[in-house]
Amino acid sequence: MKLVLREALLTFQRAPLLSALSVTTIAFSLFVVGLFGLVAVNLQQALSEVAERVEIVAYLLPGTPVETVTMAVKDIEAFPEVQSATYVTEDRALARARAELVEFRDVLQELERNPLPASLEVKLKPGFRDADHVNDVADRLRGFGFVDDVRFGRDWVEKLDRLRQLAAAVGLVVGAAFAVVAIIIIGTTIRMAVLQRSREIAIMRLVGATDGFIRRPFLLQGAIKGMLGGLVAVGLSFAAYTLINRWLFHAAFFSREQASAIVAFGTLIGFFGSSASVGRHLRRV
Amino acid sequence: MIKFTGVFKAFPKSGLALKDVSFHIAKGEFAFLTGHSGAGKSTVLRLIYAEEPVTSGEVRVSGFNVAEISRRDIPKLRRRLGIVFQDFRLLEDRIAEENVAFALEVTGARRAGIAARVMRVLTQVGLAAKAKAYPRELSGGEQQRVAIARALVNEPTVLLADEPTGNLDERATRGVFQLLRDINASGTAVVMATHDLDLVRQAPYRVIELQEGALVYDSGVDEPRDQAAST
Ligand SMILES: Nc1ncnc2c1ncn2[C@@H]1O[C@H](COP(=O)(O)OP(=O)(O)OP(=O)(O)O)[C@@H](O)[C@H]1O
Ligand SMILES: [Mg+2]
């Protein structure tokens with residue numbers, strides 16, 4: 001094991017230029033993937049901010065006793081999908097209308113009787129803000145005897161759904177394309193490292209090295225290069241993020257898990273890329 | 001030790017490189033492989049160390065059935081052999097002792113004994129003083145000695161040498177040849193491909209001659225000239 005590590009590290013010393021080139025190539029390939037990831041992360045963030053506004057409003061029949069509503073609120077908040085249920089009394093509804101609908105202030109002032117119904121405003125938990133769940137919860141709310149009508153902006157929720165699906169599909173396709181390109185570029189780089197050492201590999205085989213023995217330092221070295229490349233890529237992405245934040249708009253960065261995923265991705269490509277290259281090389285000689 | 005029985009070797013493009021070659025080299029023997037360029041000398045050696053598959057016939061080397069050897073067993077076979085080439089095949093970015101140690105490390109030998117064994121073979125080939133030199137800092141003859149040291153460090157039963165003196169001047173040739181004779185005298189069989197007929201005449205060793213892939217002369221069969229050989 002120590003020998004494998006030594007041989008792997010010696011590569012960096014013996015071929016510093018090619019090693020640096022490999023790491024740089026891997027870093028920039030992953031950087032492109034990372035930039036795309038940043039776009040995806042921010043798009044998702046924006047969508048979830050929009051989705052926060054998804055709300056179901058249940059209008060109550062006039063004269064529903066407060067106690068009934070308070071108990072119902074408890075029941076509704078116990079729904080697995082529900083984040084919060086807020087009781088808006090008739091008076092509050094009117095006060096809100098006065099505050100928000102400035103243009104109609106006069107009309108609203110002159111009313112003798114409050115025409116606005118009391119309502120329950122129900123917000124859903126993050127994973128449930130889509131058309132199916134909203135419909136489902138709305139149906140259940142309709143089941144309460146004191147509920148007159150349930151509204152939730154069906155069109156809007158469905159549009160949001162479609163937008164989310166589109167974003168996911170585009171993200172998947174473009175992300176996969178970038179990832180494949182990164183894999184190809186990185187694979188080529190690693191192949192160069194293998195070819196550069198083909199003489200050494202031939203001599204190793206001549207003196208009786210097993211395929212596994214020959215392969216191991218390459219795998220380790222590939223994984224190290226991939227990891228370094230991944231780290232540099234995350235660093236570059238962070239620099240890009242800082243610039244965007246300063247000059248363009250407020251953006252989000254990767255979570256720690258997402259950043260680790262990029263590094264892990266680089267490490268894996270390095271590892272399996274080397275494995276494939278060395279394997280192919282060994283099979284041919 | 002090394003036994004060819006009715007061996008044929010065909011290459012896809014150039015056709016038959018060996019035609020019905022049979023010979024037996026005993027333990028501790030010294031044998032020359034001679035013949036014109038393209039006669040098939042290197043091919044015989046490459047079959048011995050399983051670099052090329054045998055087309056038909058039987059090749060047995062130190063207990064291995066080489067004609068049917070599996071990829072997994074090839075390293076085991078090669079650890080019993082020492083192999084030396086005309087072009088030395090040293091690693092340019094490693095000093096002499098690293099080049100020799102390499103052959104031991106590759107076999108998974110324990111690190112503790114490596115340095116001592118490397119020094120011993122380097123001394124044996126007369127290069128102890130240049131252990132720290134890179135190949136480019138060594139003369140051709142010295143580089144070949146490093147290559148021989150590398151071949152010896154695993155204590156092979158056979159040393160295969162493909163025109164080991166092909167790139168050397170007369171003096172270095174004599175030195176390297178003497179080294180091979182010494183190695184043979186200490187019990188290691190040596191198979192040496194060469195077209196240096198002066199060398200062949202100098203020593204009372206077995207001669208196997210090939211011509212266009214066919215064995216045309218084998219001095220060892222009925223008139224062994226080598227006293228050290230034990231058939
Ligand atoms: N890898 C190969 N592919 C195709 N043909 C080959 C290959 N290796 C050798 N040959 C052919 O086999 C024949 C014997 O070649 P070999 O190298 O054994 O000759 P040799 O006796 O070692 O010659 P030299 O003295 O020039 O080294 C030649 O005709 C050569 O063209
Ligand atoms: Mg030859």
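Residue numbering restarts at 1 for every chain, and letters A, B, ... go by the order of the sequence lines.
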Give, as side chain, backbone, both or neither, the part of [X] having an atom under 4.5 angstrom from any heavy atom of chain A.
| X | value |
| --- | --- |
| L91(B) | both |
| R71(B) | side chain |
| L104(B) | neither |
| R72(B) | neither |

Exercise. Which pair of heavy atoms, one from A209(A) and one from P75(B), lies closest together, and at what distance?
Worked result: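 Here A209(A) and P75(B) meet closest at O-CG, 3.7 Å.
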
Interatomic distance, [X] atom [atom1] to [Y] atom [atom2] [nearest 0.5 angstrom]:
| X | Y | atom1 | atom2 | value |
| --- | --- | --- | --- | --- |
| I203(A) | F88(B) | CD1 | CZ | 12.5 Å |
| Y49(B) | L206(A) | OH | CG | 6.0 Å |
| R199(A) | L90(B) | CZ | CG | 7.5 Å |
| E105(B) | M204(A) | CD | CE | 9.0 Å |

Does atom [atom1] of [X] have more than 12 heavy-atom neighbours, drawn from other residues, nucleotides or ligands, at distances under 6.0 Å?
| X | atom1 | result |
| --- | --- | --- |
| K159(A) | NZ | no |
| Q44(A) | CD | no |
| L248(A) | CG | yes |
| F28(A) | CZ | no |

For this session: Check for a donor-acceptor pair, side chain of R79(B) on one end and backbone N or O of V207(A) on the other, with a separation under 3.5 Å.
Result: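 Flag not set: sc R79(B) to bb V207(A) has no pair under 3.5 Å.
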
Problem set entry | Side-chain touch E92(B)/E200(A), heavy atoms, less than 4.5 angstrom |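 Not in contact.
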
